[in-house]
Amino acid sequence: MKRILIMMTEAGGGHRISAEALREAFHERFGSEFQIEIVDMWARHTRVLLRRLPRSYRFWATEVPWVYKSLYRLFEKEEQLTWFWDGIYYWVKKPVSQAFRQYVPDAIISVHPLMQDVPLRVLSHMGWKVPFFTVVTDLASIHPTWLHRGVTLCFLPTEEARRQALASGLREEQLRCYGLPIRTAFARPVAPKEELRRELGLVEDLPAVLLMGGGEGMGPVSRLARAIASRLAEGEAGRPAGQMVVICGRNQKLQKDLLARTWPIPTRILGFVQNMPEWMSACDCIVTKAGPGTIAEALACGLPILLSGFIPGQEEGNVSYVLKHGVGVYKAPAEIAETVFRWFGPERAEREQMAEQARRLSRPQAASQIVEEIARVMATCEVSRPAQIRALLEKGGRHGSTKVAGTTLGE
Ligand code: UDP
């Protein structure tokens with residue numbers, strides 16, 4: 001059995017979901033041939049102050065977006081990045097190398113922009129040669145920290161991202177473009193919409209709008225929900241023009257606040273859901289911030305996208321991507337409710353056209369294609385580690401409790 005370490009961190013929902021999508025695809029395609037370990041490297045294997053950084057993501061991105069954007073732009077410049085990584089490297093090289101000794105991976109996959117430079121330097125310092133794959137989980141605006149010339153392969157979600165990687169100096173043969181990895185359930189056929197609505201407890205024959213703000217329930221979700229509900233309540237002959245599903249993700253405060261209200265149209269308020277393919281497929285359009293994971297999943301479900309906002313810097317390119325490919329619109333919060341109302345009434349044809357275009361653009365097989373490529377490369381790629389580690393592995397140290405430099409090998 002070969003071991004793969006997937007490095008991610010809990011900032012938003014997207015990185016974890018992509019990591020899980022890859023693990024799921026490995027299991028579906030290769031059974032128990034690979035043992036996949038998903039690890040939050042920042043939280044578990046860096047130093048105290050850095051550990052908290054990913055979890056503060058929602059605060060920075062929503063409360064002080066100008067600071068977030070300034071930092072994002074500052075570190076786009078190579079000279080700033082160099083001193084930043086030099087500093088981080090000296091700070092965390094010990095815990096990161098201990099982590100590698102603990103997991104002893106046969107391959108490493110990074111699904112986070114801040115996990116290329118330092119891990120690659122640490123591997124080189126340790127004298128380990130292990131295939132290293134970056135799976136980019138942003139859609140169209142790719143921060144330079146994603147793009148490292150030392151990787152074995154870099155998987156990109158879109159042609160726009162591939163062009164950026166080439167411009168950054170990665171070689172054509174290092175790049176693969178299969179789409180953004182989403183959960184394999186998005187590639188399976190689903191029941192007809194009416195049936196799904198019945199199963200999920202929605203009104204069968206009323207158009208449905210899905211409202212969400214990423215895994216953390218970010219943005220003006222509450223304000224949008226109230227505006228959409230009051231506009232859709234103005235239907236005809238006492239019947240509303242539509243129903244609404246609000247997914248609050250991990251934002252419990254938002255969920256509690258919305259559950260305490262009364263709604264003028266049929267409305268479902270949910271926390272973090274595990275069956276996103278079903279909720280998306282049961283709806284007719286989605287209102288969301290420009291999160292890459294949510295956009296890729298919405299495309300797979302043929303959902304036209306109404307973008308209500310974006311995280312400065314990192315999600316800006318996703319807005320242009322959606323507009324350029326004709327799969328949605330970007331509106332100020334004040335105009336969103338009116339657009340949903342029109343899409344459910346006089347402008348239904350526009351919505352249906354976007355739904356078709358979304359299906360054409362989607363790449364629901366991305367996770368399966370990525371893992372097949374990784375397995376192919378692993379079958380031929382050389383893995384070398386210092387003699388001491390090799391000897392321990394040969395003795396079955398991985399699954400035992402053999403100690404190397406004070407670190408337990410294996411589980
Ligand atoms: N998500 C989910 N259940 C929820 C809310 C969100 O599975 O209740 C998933 C969503 O399907 C998507 C991810 O969380 O895969 C959000 O990723 P995105 O890139 O859109 O935004 P982020 O949360 O990373 O800012």
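For the numbers below, each heavy atom of this structure counts, side chains included, while hydrogens, waters and symmetry mates do not. Start at 1 and go down the list; that is how both ligands and their atoms are numbered.
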Using distance alone, determine whether His15 and ligand 1 share an N or O pair under 3.5 Å.
-> no

Say whether Met212, considering both its backbone and side-chain N or O atoms, lies within less than 3.5 Å of an N or O atom on ligand 1.
->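 Between Met212 and ligand 1 (N or O atoms, distance only) the closest approach is not under 3.5 Å.
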
Single hit among Thr294, Ile286, Val329 for side chain to side chain contact (heavy atoms under 4.5 Å, CB included) with Ile305 = Ile286

Show the atoms of ligand 1 that are less than 4.0 angstrom away from any heavy atom in [X].
{"X": "Met276", "answer": "1 (N), 2 (C), 3 (N), 4 (C), 5 (C), 6 (C), 11 (O)"}
{"X": "Arg183", "answer": "7 (O), 9 (C), 10 (C), 11 (O), 15 (O)"}
{"X": "Val273", "answer": "2 (C), 3 (N), 4 (C), 7 (O), 8 (O)"}

Heavy-atom nearest neighbour of atom 16 (C) of ligand 1 within options Gly215, Gly293, Gly217, Gly219 = Gly215

Would you indicate which of Glu297, Glu216, Met218 comes nearest to atom 15 (O) of ligand 1 when only heavy atoms are counted?
->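 Nearest option to atom 15 (O) of ligand 1, by heavy atoms: Glu297.
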
Quick one: sort the Phe34 and Phe26 rings into parallel, tilted or perpendicular, breaks at 30° and 60°.
->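 Phe34 vs Phe26 ring planes: tilted.
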
Got a salt bridge between [X] and [Y], using NZ or NE/NH1/NH2 to carboxylate O under 4.0 Å?
{"X": "Arg348", "Y": "Asp284", "answer": "no"}
{"X": "Arg183", "Y": "Glu297", "answer": "yes"}
{"X": "Arg342", "Y": "Glu350", "answer": "no"}

Using a 4.0 Å heavy-atom cut-off, say whether Thr294 meets ligand 1 through its side chain, its backbone, both or neither.
-> both

Measure the OH-OG1 distance between Tyr321 and Thr158 for me, rounded to the nearest 0.5 Å.
-> 6.0 Å

Indicate, with yes or no, if the rings of His45 and Tyr103 have centres closer together than 6.0 Å.
->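 Between His45 and Tyr103, the centre distance is under 6.0 Å.
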
At a 4.0 Å cut-off, with the gap strictly under it, does some heavy atom of Lys289 reach an atom of ligand 1?
->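 In this structure, Lys289 qualifies as a contact of ligand 1 - some heavy atom is under 4.0 Å.
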
Gly271: heavy atom below 4.0 Å from ligand 1, yes or no?
-> yes

